[in-house]
Amino acid sequence: MKKIAFVFTEAPHGSSVGREGLDALLATSALTEQIGVFFISDGVFQLLSDQQPDKILSRDYISTFKILSLYDIDKYYICLEDLMVRGFSPENDFILEAEFLSTEAIRQMLAGYDAVLKF
């Protein structure tokens, strides 16, 4: 069975990329159980709680991340450096309990996947 990594690099609600990535992630979960989800660059904003997309007339897809465990997706990683550069820390409130990793650790982990999909 192939190992597939989903890498979220875009901020939510500015485009449909994050929502499309989440849809692809859920669809892929029917094909393999070896899925890792990575949040790097502006993708770290995907997991911040208390977002209010309705204020900009956007759909709230962020809350859907909370059900990933129902799809047997339970490996989530956030780039610690990218998070801190954007003024946040692991103490912030996130919608998933993710593991915080260095850029180098994420790079090494991604090398172990058969396919890497970037959103």
Side-chain angles (χ1 to χ4, degrees):
M1 199 169 283
K2 293 209 178 235
K3 289 178 66 174
I4 301 174
F6 284 79
V7 181
F8 289 85
T9 63
E10 301 283 329
H13 313 305
S15 71
S16 63
V17 174
R19 186 177 64 246
E20 291 168 357
L22 182 57
D23 290 344
L25 175 58
L26 294 173
T28 302
S29 71
L31 304 173
T32 184
E33 292 179 5
Q34 297 183 357
I35 295 176
V37 187
F38 297 81
F39 299 89
I40 63 173
S41 186
D42 284 342
V44 300
F45 293 118
Q46 295 280 349
L47 296 183
L48 291 174
S49 64
D50 300 325
Q51 295 187 38
Q52 300 174 342
D54 56 317
K55 301 282 186 196
I56 59 168
L57 304 176
S58 286
R59 186 176 143 238
D60 180 16
Y61 71 90
I62 296 297
S63 59
T64 307
F65 279 110
K66 294 177 186 177
I67 67 165
L68 291 180
S69 62
L70 297 175
Y71 289 82
D72 294 325
I73 302 168
D74 56 4
K75 295 177 184 169
Y76 322 110
Y77 309 98
I78 297 176
C79 181
L80 183 58
E81 287 96 334
D82 290 343
L83 185 68
M84 295 178 79
V85 163
R86 286 157 180 81
F88 298 98
S89 73
E91 287 77 38
N92 283 92
D93 192 21
F94 297 95
I95 60 170
L96 291 177
E97 289 189 32
E99 185 176 344
F100 298 94
L101 299 175
S102 68
T103 303
E104 183 58 33
I106 287 179
R107 188 175 298 122
Q108 290 174 359
M109 287 189 77
L110 286 173
Y113 283 84
D114 297 310
V116 177
L117 304 172
K118 179 186 152 295
F119 294 94

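Residues: numbered from 1 along the sequence shown. FYI, side chains are in, hydrogens and waters are out, and symmetry mates aren't considered; it's all heavy atoms of this structure.
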From CA spacing to verdict: side chain to side chain donor-acceptor pair (under 3.5 Å), Y61, Q46: CA-CA 10 Å; Y61 71 90; Q46 295 280 349; 2.8 Å; yes

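- Under the 4.5 Å side-chain criterion, counting only non-hydrogen atoms from C-beta, S41 is in contact with R86.
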Quick one: side chains of residues 108-119, donor-acceptor pairs under 3.5 Å with protein atoms, not counting sequence neighbours, listed by atom name and distance.
| from | atom 1 | to | atom 2 | distance (Å) |
| --- | --- | --- | --- | --- |
| Q108 | NE2 | E104 | OE2 | 3.2 |
| D114 | OD2 | K3 | N | 2.8 |

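- Between F38 and the choices F8, F6, Y77, Y76, the ring pair (Phe, Tyr, Trp, His ring centres under 6.0 Å) rule is met once, by Y77.
- For the pair H13 and I62, the minimum side-chain heavy-atom distance is below 4.5 Å.
- To the nearest 0.5 angstrom, I40 atom CD1 is 13.0 Å from L83 atom CG.
- Counted within 6.0 Å of OH on Y71, heavy atoms from surrounding residues, nucleotides or ligands total 12 or fewer; the atom is thus considered open.
- Note that CD1 of I95 is 6.5 Å distant from CZ of F65, once rounded to the nearest 0.5 Å.
- A105 is linked by a side chain to side chain contact (heavy atoms under 4.5 Å, CB included) to L101, S102, counting only residues two or more places apart in sequence or in another chain.
- Side-chain heavy atoms closer than 4.5 Å link hydrophobic residues (I, L, V, M, F, W, Y) into clusters, and following such links, possibly through other members, connects M84 to L48.
- Closest of all the heavy-atom pairs between L47 and A98 is CD1-CB, 4.5 Å.
- There is a path of hydrophobic side-chain contacts, each under 4.5 Å, that joins L22 to I73.
- With hydrogens and angles ignored, the 3.5 Å screen pairs a side-chain donor or acceptor of E81 with a backbone N or O of T103.
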Under 3.5 Å, sequence neighbours excluded: what are the donor-acceptor pairs made by side chains of residues 26-37?
| from | atom 1 | to | atom 2 | distance (Å) |
| --- | --- | --- | --- | --- |
| T28 | OG1 | A24 | O | 2.7 |
| S29 | OG | L26 | O | 2.6 |
| T32 | OG1 | K2 | O | 2.9 |
| T32 | OG1 | Q34 | N | 3.2 |

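- Centroid-to-centroid, the aromatic rings of F94 and F88 stay 6.0 Å apart or farther.
- Within the 4.5 Å cutoff, the side chain of L25 has no heavy atoms near those of the I4 side chain.
- Smallest separation of non-hydrogen atoms from D93 and S49: OD2-OG, 2.8 Å.
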